[in-house]
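Below is one structure, written out as structure tokens; the observations come after it.
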Amino acid sequence: MATQLRLGLVMLFGTVSLSVLGWEFFSSSECTSGEALTVRDRRHVAPGAESVTSTNTVEPATDVVVYLAQFGHHSSYGRQTDGHTAITGASKLNRSLSLLYSNYLNAHPCDVIIFYTADDALDPSLKEGLKRNRPRLSFRKLTGEWWSLPYGLRAEDRTKWRAPAFGIGYRHMIRWYAVLMYPYLANLSYTHVMRMDDDSYIYSPIGFNLFDFMRQHRKRYAFRQPVMDSNIGKGFFELLRQHLDETGTIETSVQEKFWKNPHFGFYTNWFMADISFFLTPPVSPALDVIDKSKLMYTQRTGDLTIQSVMVRLYLQPSEVHWFRDFSYEHTTLNGRTQCPQNGGLSRGRGAHTSAEWMAIVTSFKNRFQLNPKCGNMRLTERSDFVGATDVGLCSTLEGPCGIFLKEYLVGYSRAGSVVAVHSDTKRAENGTVIPATSRTLETSVTATPKDGPFAAALGWARGTALKRVVCEDVRKIAEWRLCWPPIQAAIDTKSCLVYSFGVSKKDPFTEFMAKAGCTVFAFDPAVSHPLHWMTNVEFRQWGLRTGLSDVAAESNFSHVHWGSTKDGQYFKLPEIQQKLGHSQTTSITVMKIDCEGCEWDLFSTVPHVTLKSINQIVTELHFTKPLRFTMEMAKTMAPAMSAALAPFSFFYYDINPGARYDREVDPEFTRAGFTDPCCREVGMIQHIKPHSVLTTSGMFETAVTTTPK
């Protein structure tokens with residue numbers, strides 16, 4: 001253990017070596033200019049980047065560490081010092097990276113992306129210095145829609161906004177971490193993210209893979225430092241109450257507990273998250289409402305507040321983890337005095353001896369107490385923390401945050417002692433974890449005898465019902481993933497036809513596909529829209545009458561969020577095709593189906609000739625009682641669906657836990673082995689279609705980089 005600790009801490013004659021703690025300063029003369037990288041629409045295109053398309057069969061990583069760097073002085077907090085030496089963004093970032101690699105990434109490698117903006121010039125020599133001996137590190141420049149004012153705001157009005165000392169770039173940063181980062185990373189096929197700031201420092205070795213731990217224990221969010229945050233601004237909580245009242249997505253008991261203290265949250269300078277959590281309902285509509293309010297700009301409502309609210313309201317405590325296994329520091333300095341204002345240094349459980357910890361604390365204090373303005377500064381200091389009061393008061397179970405923190409420690413054991421590689425992963429020859437959701441499977445996985453009559457249903461739940469292929473250009477359109485090359489080919493030949501079942505009051509997927517050049521027919525029995533709803537879009541208030549159900553059963557279905565379907569008309573899929581003037585052999589480029597449980601009946605009974613005409617199907621599979629999944633369906637319809645969809649392969653598969661009110665699973669299905677309520681988002685594509693670019697090996701040959709016309 002002592003030799004391992006040398007990675008983050010070296011004792012030299014009773015003092016701590018700043019170089020080993022990560023401080024290596026770059027000459028300011030190295031910073032001259034930056035490179036321009038283009039980024040396309042965040043809703044559907046993987047952003048441009050400094051990267052090379054791989055041609056081998058090893059799949060890209062799904063885990064990523066991200067930074068948003070400032071290479072000069074902080075735009076909002078100004079010049080910073082350790083008491084005698086100026087600290088620039090570049091020197092802090094280099095220190096953070098040194099500690100991150102020595103204490104974690106050298107043992108558990110994953111991709112690292114350093115984002116930067118037009119506000120900062122990235123000199124080539126600085127770039128090379130940061131990349132030196134740091135594998136899988138790349139840079140991406142945020143431009144255009146990713147780093148600009150929302151429509152309707154003007155830079156000259158900033159003086160009228162709350163806290164005008166915080167620049168527009170700071171407010172862009174809030175929006176990036178609260179809303180925009182997740183679609184950007186999902187477009188790059190990442191599934192999990194760890195955020196680091198350029199002044200985030202990990203001081204002790206982490207002896208296990210944090211991302212594997214998240215997957216193994218089904219955690220969707222993790223934090224290091226809890227906090228009470230009262231710096232909210234006006235209007236945010238009122239907006240939140242209105243949204244919760246209008247949608248009815250959160251149980252009353254959960255809301256009551258939240259409103260007892262809505263200011264409790266998680267410092268977001270370090271967190272880990274399942275990216276899909278922020279991209280799927282009910283979280284994505286809530287973020288959309290917050291984004292459109294522009295409070296992140298006009299009121300400086302922070303990403304800490306927004307993210308903490310989403311986690312506390314929309315995740316079960318068992319899905320959230322408080323990491324206390326490693327020592328971590330993030331300290332925000334007061335822009336005027338350069339003394340610690342927020343955050344501090346948290347000690348990892350079992351990470352240091354008393355002498356080692358005192359050496360780190362002494363180094364921490366000296367960085368500020370050498371500053372004459374901070375000579376009489378009082379810090380909150382305990383056996384496991386030193387720093388500002390906001391985190392100091394909140395990171396103990398006896399403090400004001402204790403009642404909330406105890407929820408995240410139910411069944412807690414030290415993560416490093418229990419972590420194991422997720423059962424649904426394998427490792428490539430180089431040791432990289434390849435999740436099942438992104439590797440090519442040449443054959444379906446055979447069900448085990450113990451699965452019994454539920455073998456087929458469990459195959460769909462585990463993602464083993466169909467073969468897997470890899471599409472190198474998977475694009476996220478609203479909440480759906482599409483394999484884009486055959487769609488682009490259909491657009492180019494003016495033959496793109498889309499059926500979109502389940503559109504609700506508004507549907508970004510339908511709107512985008514129409515603007516991309518497809519003819520779209522939209523259907524939903526629960527809402528009413530004009531016949532010519534949008535350009536290239538015709539709407540019908542029709543529902544799918546599936547093969548074994550009757551009209552009465554379909555029309556009587558009502559959902560707590562989506563409403564009643566009693567006003568719609570119901571037809572079988574071939575009947576709908578006939579009414580639209582299409583034959584059963586008319587080629588459908590994409591069929592999107594989100595019908596809250598009807599998919600089992602539909603796919604198990606739809607004629608083979610109709611399925612044969614569909615190139616891609618994107619749908620959500622539901623496995624819970626509120627969404628009409630029964631044990632009879634599991635035993636009879638699931639096997640029939642597996643047979644009917646055998647000509648298709650998965651190109652995308654992911655777990656969506658769904659809203660809390662949709663998670664009730666039949667105990668019989670749970671005993672059979674189902675463990676992840678409630679839903680699965682899947683993308684399926686035909687093995688052989690005229691416009692596909694599947695090779696004989698089952699891999700997509702090239703990545704398509706053109707945007708829709």
Side-chain angles (χ1 to χ4, degrees), residues 422-424 435-437 439-469 501 544-549 553 572-573 591-612 614 616-658 662-687 698:
H422 189 267
S423 59
D424 200 25
T437 53
R439 65 178 186 261
T440 302
L441 301 181
E442 296 302 326
T443 59
S444 299
V445 177
T446 304
T448 60
K450 67 176 183 177
D451 294 333
F454 297 105
L458 291 171
W460 286 103
R462 296 165 179 165
T464 60
L466 301 177
K467 295 179 181 179
R468 301 265 181 106
V469 293
F501 290 96
L544 281 166
R545 178 187 176 188
T546 52
L548 302 178
S549 62
K572 295 180 180 180
L573 182 56
M591 180 180 288
K592 183 266 285 183
I593 300 176
D594 191 7
C595 59
E596 309 304 334
C598 84
E599 66 277 356
W600 299 99
D601 199 343
L602 169 70
F603 291 130
S604 63
T605 59
V606 69
H608 175 72
V609 66
T610 301
L611 282 176
K612 191 175 180 180
I614 304 171
Q616 284 185 57
I617 297 172
V618 290
T619 188
E620 188 170 58
L621 305 177
H622 305 85
F623 295 89
T624 59
K625 294 171 70 174
L627 296 171
R628 302 189 284 180
F629 185 69
T630 68
M631 294 304 91
E632 186 59 31
M633 294 167 66
K635 296 173 184 177
T636 60
M637 294 182 185
M641 190 166 92
S642 297
L645 293 175
F648 287 82
S649 296
F650 287 133
F651 67 86
Y652 178 78
Y653 174 89
D654 197 15
I655 296 173
N656 178 1
D662 284 336
R663 293 177 178 174
E664 182 186 358
V665 179
D666 192 297
E668 187 179 3
F669 199 41
T670 301
R671 289 193 295 270
F674 182 75
T675 58
D676 294 295
C678 75
C679 314
R680 304 293 184 270
E681 295 173 1
V682 300
M684 300 176 282
I685 192 166
Q686 291 268 26
H687 292 177

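Just so it is clear, the structure is predicted and the values come from calculations on it, not from any experiment.
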**Message:** With side chain to side chain contact (heavy atoms under 4.5 Å, CB included) as the criterion, how do Ile617 and Leu645 come out once you've worked through the C-alpha distance, each side chain's angles and the decisive distance to 0.1 Å?
**Reply:** CA-CA 10 Å; Ile617 297 172; Leu645 293 175; 4.2 Å; yes
**Request:** Could you tell me whether the side chain of Met684 reaches within less than 4.5 Å of the side chain of Phe650, counting heavy atoms only?
**Result:** yes
**Prompt:** Any donor-acceptor pair under 3.5 Å linking the side chain of Glu681 with the backbone of Tyr652?
**Reply:** no
**Asked** Which residue pairs pass the salt bridge (Lys or Arg N to Asp or Glu O under 4.0 Å) test with at least one member in residues 629-649, sequence neighbours excluded?
**Response** Lys635-Glu668
**Fill in**
Between the CD atom in Glu620 and the CG atom in Asp654, the distance rounded to the nearest 0.5 Å is 10.5 Å
**Item:** Arg680 (side chain) donor-acceptor with Ala461 (main chain) under 3.5 angstrom
**Value:** yes
**Asked** What is the ring orientation for Phe629 with Trp600, classed by angle as parallel under 30°, tilted 30 to 60°, or perpendicular over 60°?
**Response** tilted
**Item:** Residue list, side-chain hydrogen bond (donor to acceptor under 3.5 Å, both in side chains) with Thr619, at least two apart or on another chain
**Value:** none
**Prompt:** Is there a side-chain contact between Met631 and Phe454, using heavy atoms and a 4.5 Å cut-off?
**Reply:** yes
**Request:** Please list all pairs passing the salt bridge (Lys or Arg N to Asp or Glu O under 4.0 Å) test where one or both residues lie in residues 642-651, with sequence neighbours left out.
**Result:** none
**Message:** Using side-chain heavy atoms (C-beta onward) and a distance below 4.5 Å, is Leu621 in contact with Met641?
**Reply:** yes
**Prompt:** Any side-chain heavy atom of His622 sitting closer than 4.5 Å to one from Glu599?
**Reply:** yes
**Request:** Any chance you could measure Thr610, atom OG1, to Leu602, atom CG, to the nearest 0.5 Å?
**Result:** 9.5 Å
**Prompt:** When the ring centroid of Tyr653 is compared with that of Trp460, is the distance short of 6.0 Å?
**Reply:** no
**Asked** Who passes ring pair (Phe, Tyr, Trp, His ring centres under 6.0 Å) against Phe501, sequence neighbours left out?
**Response** Phe523
